[in-house]
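Below is one structure, written out as structure tokens; comments come after it.
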Amino acid sequence: MAHPQIDQALDLLYSGDTAGAEVLLQEAGAGKLEPPAQLPHLDQAAFFEALGGIKLAKQDGAGAEAAFRSMIQHEEKGGADKSGHATSYAKLAEALCLADKHDDSLAEFTKALTMKEAAGAAPTTLLNLLYRFADALFRKGKHKDAAAHFEKAVSYGEKAGADPATLANLVMY
């Protein structure tokens, strides 16, 4: 059973209201940014997903990393969907990038991409992941690898029916 405050916090987070999401997480945690006691693993994973997203928005790479690592542990214990679990590794990769742990970030992006492809993820989710992965490679100075991933993202973008502006943006990289 999903926890309504945590679900609402995620909705607020993904609509851009990080402050509102944080308030709901604190309410769920009895005034603390901690998950309520006795939550099933997947609800705990959702709590840490929201917390990690808030930390990312606040540019707190180390805090986001810790939250996303907890999210991944609870997803593994709770039997999360394979494609969604792969997305969690991509979120961890973003946190690591923000924390200037670029080599670790690239390893997690590689893991996420491998898992997404093995799960047969939709081209739209692969497009998003490849774009973020390519951007991280570019920032690390691995321009040839970044170009290859942007090229692959264009391919997935075409399969997903991406609009011409999105495809042009990928090609420009």
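Numbers here simply count residues along the sequence, with the first being 1. These figures come from a predicted structure and were not determined experimentally.
Considering CG of Leu96 and NE2 of His102, their distance stands at 10.0 Å, rounded to 0.5 Å. Residue His41 holds its NE2 atom at 15.5 Å from CE of Met71, rounded to the nearest 0.5 Å. Distance check, rounded to the nearest 0.5 Å: CD1 of Ile54 to CG of Leu10 gives 8.5 Å.
Pairing each heavy atom of Ala121 with each of Ser83, the nearest pair is CB-OG, 3.7 Å. Taking every heavy atom of both residues into account, Arg139 and Cys97 meet most closely at NH1-SG, 3.9 Å. Heavy-atom minimum distance, Ala21 versus Ala9: CB-O, 3.3 Å. Pairing each heavy atom of Ala57 with each of Thr18, the nearest pair is CB-CG2, 3.5 Å. In this structure, Asp43 and Ile6 approach most closely via the heavy-atom pair O-CD1, 3.9 Å. The heavy-atom pair separating Leu56 from Ala95 by the smallest distance is CD2-CA, 3.9 Å.
Under a hydrophobic-cluster definition in which Ile, Leu, Val, Met, Phe, Trp and Tyr are linked whenever side-chain heavy atoms come within less than 4.5 Å, directly or via other members, Leu127 and Leu137 are assigned to the same cluster. Taken together through direct or relayed side-chain contacts under 4.5 Å among Ile, Leu, Val, Met, Phe, Trp and Tyr, Phe48 and Tyr14 form part of one hydrophobic cluster. Hydrophobic clustering (side-chain heavy atoms under 4.5 Å, transitive across Ile, Leu, Val, Met, Phe, Trp, Tyr) keeps Leu98 apart from Leu129. Hydrophobic clustering, with ILVMFWY side chains joined whenever heavy atoms are under 4.5 angstrom apart, keeps Phe109 apart from Phe68. Cluster annotation: Leu130 is not connected to Met115 through the hydrophobic network of ILVMFWY side chains, with a link wherever side-chain heavy atoms come within less than 4.5 Å.
When the ring pair (Phe, Tyr, Trp, His ring centres under 6.0 Å) test is applied to Phe47, no partner is found at least two apart in sequence or on another chain. Here Ser88 pairs with Glu75 under the side-chain hydrogen bond (donor to acceptor under 3.5 Å, both in side chains) rule; sequence neighbours left out. With sequence neighbours excluded, the residues that form a ring pair (Phe, Tyr, Trp, His ring centres under 6.0 Å) with His149 are Phe133.
Using a distance-only test at 3.5 Å, with no hydrogens or angles considered, no donor-acceptor pair links the side chain of Ser155 to the main chain of Glu151. One N or O on the side chain of Thr114 and one on the backbone of Thr110 form a donor-acceptor pair closer than 3.5 Å.
With Lys140 as the partner, the salt bridge (Lys or Arg N to Asp or Glu O under 4.0 Å) test is satisfied by one option alone out of Asp103, Asp135, Asp100: Asp103.
Sorted by first and then second residue, the pairs that involve residues 115-130 and meet salt bridge (charged side-chain N to carboxylate O under 4.0 Å, His left out), not counting sequence neighbours, are Glu117-Lys152. Contacts classified as salt bridge (charged side-chain N to carboxylate O under 4.0 Å, His left out) and involving residues 79-93 (residues at least two apart or in different chains) are given here: Glu49-Lys91. Counting only residues at least two apart or on different chains, the salt bridge (charged side-chain N to carboxylate O under 4.0 Å, His left out) pairs with a member in residues 22-34 are Glu22-Lys58.
Between Val23 and Leu12, the closest side-chain pair of non-hydrogen atoms is not below 4.5 Å. The closest side-chain heavy-atom distance from Glu65 to Leu92 is below 4.5 Å. Using a 4.5 Å cut-off on side-chain heavy atoms (C-beta onward), Leu25 and Leu51 make contact. Here the side chains of Arg132 and Leu113 are not in contact, with every heavy-atom distance at 4.5 Å or above.
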